[in-house]
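Working notes, structure below.
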Amino acid sequence: MSVTHPDYRLSQLDQLEAESIHIFREVAAEFEKPVLMFSGGKDSIVMLRLAEKAFYPAKIPFPVLQVDTGYDFPEVLACRDEWVARLGLRLVVASVEEAIANGVVVDDGRTTRNRMQIGTLLNAIEEEGFTAAFGGGRRDEEKARAKERVYSHRDEFGQWDPKNQRPELWSLYNGRIHEGEHMRIFPLSNWTELDIWHYLDREQISIPSIYFSHQRRVFERDGMLLSESEHNPLRAGEVAEERTVRFRTVGDLTLTGCVESTAATTAEIIDEIAVARLTERGATRGDDRFSEAAMEDRKKEGYF
Amino acid sequence: MDLLRFATAGSVDDGKSTLIGRLLLDSKAIFEDQLAAVEATSASKGYDYTDLALLTDGLRSEREQGITIDVAYRYFATPSRKFIIADTPGHVQYTRNMVTGASTADLGLVLVDARHGLTEQSRRHAVLLSLLRVPHLVLAVNKMDLVDYSAERFEEIKREFSAFATKLTIPDLTIIPISALKGDNVVTRSANMPWYDGSSLLHHLENVHVASDRDLRDARFPVQYVVRPKSDEHHDYRGYAGQVAGGVFKPGDDVVVLPSGMPATIAGIDLFDREVAEAYPPMSVTIRLNEDVDVSRGDLIARPNNQPAVTQDVDAMVAWMSTTPLRPRQKLLVKHTTRTVKALVKELDYRLDVNTLHRDLESGELGVNEIGRVRLRTQQPLLLDPYSRNRTTGAFILIDEATGVTVGAGMVND
């Protein structure tokens, strides 16, 4: 990237970067105890990169929090550990399995791990006393997300009230909260999936290998290609076979589908997405298919 | 590729959601799964058409009521530009949401229904876009198909709006006849209106020149965060992080730190692990100074011969957003750039009727969604420019200290 332009223009990617860095610095300056929610996925890696830039040459002045479903892809956890070590960060892991064991959330055999992340996360935020939690949510992902502010206020129950959001004017973010409340912060609000890939391509930074084309034993369920795994027993009539696939999003492996693809580099992925006709969530996220307002309902409860 | 942010406005049934749906659909920003969901919902509601408004009404309660409640942001791109749409509702809470959406917009898009012409709402939206100094305005005269694509009707609305616009500050006005439903002049020029020789809406959005809208004259750098690693490697590093709000900064520049007035020179400007030759809006950078002066968050770096006002008296237009009215003697918090201070409402000069531009001098308060000229006294000085000159250093928000809620938006007067 050439930073100096004769006509003082910034490319849209540079504008997005500048805006996100501004948000990171505002939060670090004004909140008592921020934390960055880090899944190890591509969006949270872009967030870490932006945070690294915002405070350089000082270290990122807050820890990272991962909500571990117990069903995460090992490649994603490996990438998480690599980033935490490289940047010298404190990692807080909020484990769904531990939360079940401690009675924080209830596994009734029907609730997904994805949904059980909500209680696990809220419990971790409360226990650690975090006052602001950065999330990698983008408004282009989903129609309920399109309504969300950069600073999203959560009450003492961790809930989002979409009808009563604070107006957000210019880049003047209002971070005032009461005891027990917290703010969710979305520095990537204005980024699209394609922007994320262009940025990963430009920055040449490491992301989990499962985003790139690889061989995997998969089976079809509800129109999605799911990984064969002990957490996800095959049902009658389902057959696993090896295919050439990659993931567009990463989450709980029992719900996150992959797509058939031979794209092996960020540049090839960009070419593929540019002509994609399905959204990343619609194509590969089982958790959004429960109802038309699945995301909104989860967000109201405290989901990220 | 560059970026254009625009805010939409207009009355309830003027076809705003349809237009946005059309722009997204025709620029292929709508994916098959999204369209399939909308088609299924339309069918289940018993519609005999696909309701594109369902694409933009994202909340359960919005779909229930068939109205847009809150601002939503939408994204699409063409080969030349990325667009961010602030889709603001035309309903009762108009001002609050319009101000929110328009505060960051480069362009305002006001829709009118060709059958009805200008309504109170379209005038009000034009006034708000003008107050917020949105540099470009497009008036889209929609539903041209319902007036038989009449050139006379279009000219009539055009004349009426142009006359009204002379009272406003609209540096760049474009008027386009369209039909969002039929797609006339939205993405491509329409054969139904051979008398119209301007661009299609999308062509205009792709080509409107926005680069010169930033303030490149007045160097302004609000200090956001002090970077002080104290690591072995960077033991003596002390940098002032922030986003350039105006002008161009270069290493070697003589600067002044406000409000203390201490002079200094720029030693270097860092962008992550590199030094850059210059910084300009909206770059987020870290500035190092040669001198060991006291600088903290809330301070502002400017050039000695071009400084903002350092003042505790603020004269501004305020858009009020709370159901509890603004009244003289009230105490509030002001957040201006990176500085938050207490303030007292000294006077309410007048309430502005945004329909007629009439100034009501007798009004003792500002109610929700009203706009007025307010004088504030702040506990500590602010570093202010007129909003007309700089949309960053001339803007502030008002916060209710007890509830923590944002209750007003302010724009500093000249």
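Since the structure is predicted, the reported quantities are computational estimates derived from the model, not experimental observations. Below, each value reflects all heavy atoms present in this structure, side chains not excepted, and no hydrogens, waters or symmetry copies.
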Query raised in the report: Relative to chain B, which segment of A:Leu16 carries a heavy atom at a distance below 4.5 Å: side chain, backbone, both, or neither?
Result: side chain
**Report entry** Region of B:Thr340 that comes under 4.5 Å of a non-hydrogen atom in chain A
**Finding:** side chain
**Report entry** Flag side-chain contact, heavy atom, 4.5 Å: A:Trp170 against B:Met411
**Finding:** yes
Report task. Taking ring pair (Phe, Tyr, Trp, His ring centres under 6.0 Å) as the test, write out the residues that go with B:Tyr75, two or more places apart. Result -> none
Report task. Taking atom CD of A:Gln204 as the centre, report whether more than 12 heavy atoms of other residues, nucleotides or ligands fall under 6.0 Å from it. Result -> yes
Query - Residue part contacting chain A, namely of B:Leu333, when any heavy atom lies under 4.5 Å - result: side chain
Query raised in the report: Would you call B:Thr104 and A:Ser171 a side-chain contact if the rule is heavy atoms closer than 4.5 Å?
Result: no
Query raised in the report: Would you call B:Asp273-A:Lys53 a salt bridge at under 4.0 Å N-O?
Result: no
Report task. Taking salt bridge (charged side-chain N to carboxylate O under 4.0 Å, His left out) as the test, write out the residues that go with B:Glu401, two or more places apart. Result -> B:Lys342
**Report entry** Which atoms of A:Glu181 approach chain B - backbone, side chain, both or neither, heavy atom under 4.5 Å
**Finding:** neither
Report task. Check whether B:Lys335 gets within reach of chain A through its side chain, its backbone, both or neither, counting any heavy atom under 4.5 Å. Result -> both
Report summary line: Of all heavy-atom pairs linking A:Pro57 and B:Pro229, the shortest is CG-CG, 3.8 Å
Query raised in the report: Run the salt bridge (Lys or Arg N to Asp or Glu O under 4.0 Å) check on B:Arg5 and A:Glu19 step by step: do they pass?
Result: CA-CA 13 Å; B:Arg5 294 169 196 258; A:Glu19 201 177 278; 2.2 Å; yes
Report task. Name the member of A:Lys59, A:Arg139, A:Arg166 that forms the most heavy-atom pairs with chain B at distances under 4.5 Å. Result -> A:Arg139
Query raised in the report: Yes or no on side chain to side chain contact (heavy atoms under 4.5 Å, CB included) for A:Leu169 and B:Phe396, after CA distance, side-chain angles and deciding distance?
Result: CA-CA 9 Å; A:Leu169 301 138; B:Phe396 59 87; over 6 Å; no
Query raised in the report: Going through the distances and angles, do A:Arg25 and B:Thr286 end up as a side-chain hydrogen bond (donor to acceptor under 3.5 Å, both in side chains)?
Result: CA-CA 11 Å; A:Arg25 289 168 172 169; B:Thr286 303; 3.2 Å; yes
Report summary line: Tightest non-hydrogen contact, residues A:Asn174 and B:Thr406, listed as ND2-OG1, 2.8 Å
Query raised in the report: So does B:Arg96 pair up with A:Glu168, basic N to acidic O under 4.0 Å?
Result: no
Query raised in the report: Hey, does B:Glu278 have a side-chain heavy atom less than 4.5 Å from the side chain of A:Tyr8?
Result: yes
Report task. Please lay out, stage by stage, how B:Tyr280 and A:Arg9 fare under the test side chain to side chain contact (heavy atoms under 4.5 Å, CB included). Result -> CA-CA 9 Å; B:Tyr280 47 88; A:Arg9 285 169 77 170; over 6 Å; no
Requested in this report: For B:Met283 and A:Asp14, run side chain to side chain contact (heavy atoms under 4.5 Å, CB included): C-alpha distance rounded to whole Å, both residues' side-chain angles, the deciding distance at 0.1 Å, then the answer.
Outcome: CA-CA 8 Å; B:Met283 286 170 72; A:Asp14 286 334; over 6 Å; no
Requested in this report: Can you tell which part of B:Ile84 gets under 4.5 Å to a heavy atom of chain A, answering side chain, backbone, both or neither?
Outcome: side chain
Query raised in the report: Who among A:Ile21, A:Asn190, A:Asp195 has the most heavy-atom pairs with chain B under 4.5 Å?
Result: A:Asn190
**Report entry** Check: A:Ser11 and B:Met1 side chains under 4.5 Å, non-hydrogen atoms
**Finding:** no
Report summary line: Honestly, the part of B:Val248 sitting under 4.5 Å from a heavy atom of chain A is side chain
Query raised in the report: Which bit of B:Asp270 comes within less than 4.5 Å of chain A, counting heavy atoms only: side chain, backbone, both or neither?
Result: neither
Report task. Please examine the side chains of A:Pro167 and B:Asn97, heavy atoms only from C-beta on, and report whether any two atoms are closer than 4.5 Å. Result -> no
Report task. Run the ring-centre check on B:Tyr225 versus A:Phe24 and record whether the distance is less than 6.0 Å. Result -> no
Query - From CD (B:Gln243) to NE2 (A:His22), nearest 0.5 Å - result: 5.5 Å
Report task. Would you check, one step at a time, whether the test side chain to side chain contact (heavy atoms under 4.5 Å, CB included) holds for A:Glu26 with B:Thr338? Result -> CA-CA 8 Å; A:Glu26 277 304 283; B:Thr338 56; 3.8 Å; yes
Query - Under 4.5 Å from a heavy atom of chain A, the part of B:Met321 involved - result: side chain
Report task. Under 4.5 Å heavy-atom distance to chain A, tell me which part of B:Ala402 shows up: side chain, backbone, both or neither. Result -> backbone
Requested in this report: Answer with side chain, backbone, both or neither: which region of A:His178 has an atom nearer than 4.5 Å to a non-hydrogen atom of chain B?
Outcome: side chain
Requested in this report: For chain A, find which of B:Ile397, B:Val226, B:Leu132, B:Val407 contributes the most heavy-atom pairs closer than 4.5 angstrom.
Outcome: B:Ile397
Query raised in the report: From B:Thr337 OG1 over to A:Leu172 CG, what is the distance, rounded to the nearest 0.5 angstrom?
Result: 7.5 Å
